[in-house]
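All remarks here apply to the structure that follows.
Remember, it's a predicted structure, so these values are computed and weren't measured experimentally.
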Amino acid sequence: MSSSTPLLEYTLHLADDVLILGHRNSEWTGHGPILEQDIALSNIALDLIGQARNFYQYAAGLAGNDSGESIYPAGGGGVVTEDTLAFLRDGWDFRNSLLTEQTNGDWAKTILRQFFFSAFQVDLYEQLAVGRDTTLAAIGAKAYKEALYHLRWSSEWVIRLGDGTDESHQRMKKALEELWKFTGELYIPAPYERWAAEAEIGPDLSQLRVRWKERVKEVFDEAGLTYPVTEWMQTGGKEGRHTEQLGYVLAEMQFLQRAYPGCEW
Amino acid sequence: MSVQDLEKIFQDKIDADIRIEPKDWMPDAYRKTLVRQMSQHAHSEIVGMLPEANWITRAPTLRRKATLIAKVQDEAGHGLYLYAATETLGTGREELLDQLHTGKAKYSSIFNYPTLTWADMGAIGWLVDGAAIMNQVPLCRASYGPYARAMVRICKEESFHQRQGFEILLTLSKGSEAQRRMCQDAIDRWWWPSVMMFGPNDDASPHTAQSMQWKIKRFSNDELRQRFVDICAGQVKILGMTLPDPDLVWNEHRQHYDFGAINWDEFWSVIKGNGPCNKDRLEARVKAHEEGAWVREAALAHAEKMSRKRAS
């Protein structure tokens with residue numbers, strides 16, 4: 001059985017992050033607080049799932065290139081595809097960060113989760129776009145523009161809610177308490193991220209962290225929110241050790257592919 | 001100018017196919033009819049998001065998931081155009097939403113049926129959107145300008161949705177035994193409710209005559225229904241499936257399909273609130289609205305603070 005390469009794992013990590021966050025955002029579709037914002041968040045979900053598809057398609061090609069039997073699940077004809085990667089792996093194979101799998105909670109939590117992630121993603125994609133892997137660079141360049149918009153939209157909402165009313169401010173504080181511990185993981189490199197940085201494919205995460213802190217502080221200042229000092233951060237998602245939330249996402253998302261294996265949809 | 005003169009000018013315009021625009025004089029009853037019909041249509045788009053959103057998180061492939069999100073998002077967009085068009089008649093979105101949430105305003109009964117399997121995403125696209133298009137294409141020529149223009153945009157997107165729906169069913173129809181069963185089951189459940197979407201028979205449709213005189217409506221319910229049945233009876237053969245109507249048969253003399261009797265008791269019962277999902281759908285809308293109240297208040301409060309800041 002062939003082993004996974006760091007490039008494949010890195011690509012899957014990039015894919016899993018945006019699939020899971022996109023999936024979470026899409027749970028809001030039809031239930032948003034304002035029609036215009038229902039549309040906006042659905043749009044972000046669409047962008048993220050579109051990015052995930054690009055990364056998975058690339059990953060599927062890489063998995064297929066293994067000379068031996070792929071360790072990744074295959075569909076009909078033994079072919080690894082974007083869908084077998086998304087729908088037939090179990091939680092321990094998912095490489096998304098813990099932040100992306102957290103439940104939606106209220107609008108404040110969903111907004112803050114998106115903001116934290118977008119503030120990371122813009123710099124990640126900007127660096128990916130100038131990296132040495134031409135496919136990842138092309139995906140990064142295209143997705144960078146989307147991430148910029150997501151960051152602008154979510155920043156505006158963090159400010160609006162932080163500054164708006166007492167209730168919205170309290171809800172933002174609660175969301176911050178719930179989500180903060182998952183932000184550190186974004187910048188603690190998994191082995192494949194260290195490899196990507198050395199190979200000049202992806203960014204050096206320690207450098208990105210500085211920029212992220214600046215971005216978050218700037219928006220928090222305007223929103224009247226305090227940048228937390230908490231040190232402890234929960235990790236593990238990027239290496240397949242997830243919170244309990246992911247299992248439910250996968251159970252729902254993978255239902256049809258699991259119940260009716262080997263079908264065309 | 002007397003009301004009679006104004007009414008004559010108005011009806012002359014209608015007869016000459018000149019569009020009525022928001023600032024033009026119009027009879028109160030015309031305005032009321034439009035507000036009722038357009039807001040009912042807007043509400044149907046918004047409530048109609050729910051049965052399909054129900055399958056977004058369970059869509060079987062990434063492509064299907066993306067397409068379904070985009071489709072439901074289009075429906076939100078249609079709701080927006082229609083609320084905006086209704087606002088040109090002097091009734092605001094808040095008031096319209098309030099009418100929906102209190103049950104005073106209606107929405108299309110079709111959305112009170114449940115989506116039980118993935119095949120329902122196909123059947124809704126093919127049958128429900130198909131029936132909607134049949135109703136809506138003539139509305140692109142409705143006498144009220146903002147409504148007609150909104151409908152042009154909506155119809156383009158709807159026909160795209162309809163093709164997507166049919167394609168979902170076509171894929172299932174070529175699939176495994178279980179997938180074919182899913183496909184037939186969805187057609188069986190959605191067929192009659194879709195046929196009912198055209199509303200009561202012409203002799204029991206109280207608004208039709210006036211609406212046709214005002215050119216809000218161009219064809220009667222039964223004319224549109226017949227057209228729909230004729231088209232679907234042909235298309236279902238491509239799927240290798242059947243429509244659940246033993247009386248469906250080609251009538252050489254009429255050059256149309258004859259079809260079985262519609263269960264109007266069910267139709268009126270669902271309109272009155274006794275459909276399988278009436279309560280769930282309305283509750284979901286009310287919940288989204290109520291749970292969003294603090295968000296809307298915060299956005300307003302922030303905007304006011306900003307404008308005060310800019311002023312000082």
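In this structure the side chain of T61(B) reaches within 4.5 angstrom of the side chain of Q257(A), judged on heavy atoms. Side-chain contact between L19(A) and L62(B): present, with at least one pair of heavy atoms (C-beta onward) separated by less than 4.5 Å.
Shown here for A288(B) and H31(A), the closest heavy-atom pair between the two residues is CB-O, 3.5 Å. The two residues W265(A) and R64(B) make their nearest non-hydrogen contact at O-NE, 2.6 Å.
Using a 4.5 Å cut-off between heavy atoms, R24(A) does not touch chain B at all. Contacts of W157(A) with chain B are made by side-chain atoms alone, with heavy-atom separations under 4.5 Å and no backbone atom involved. Contact of I39(A) with chain B is made through backbone and side chain together, with heavy-atom distances under 4.5 Å. D163(A) touches chain B through backbone and side chain together, each having a heavy atom under 4.5 Å away. Contact annotation for D166(A): neither backbone nor side-chain heavy atoms come within less than 4.5 Å of a heavy atom of chain B. For A52(A), no part lies near chain B; criterion is any non-hydrogen pair under 4.5 Å.
Side chains of T57(B) and E252(A): a donor on one and an acceptor on the other come within 3.5 Å.
Under a 4.0 Å N-O distance rule, the pair R93(B)/E36(A) qualifies as a salt bridge.
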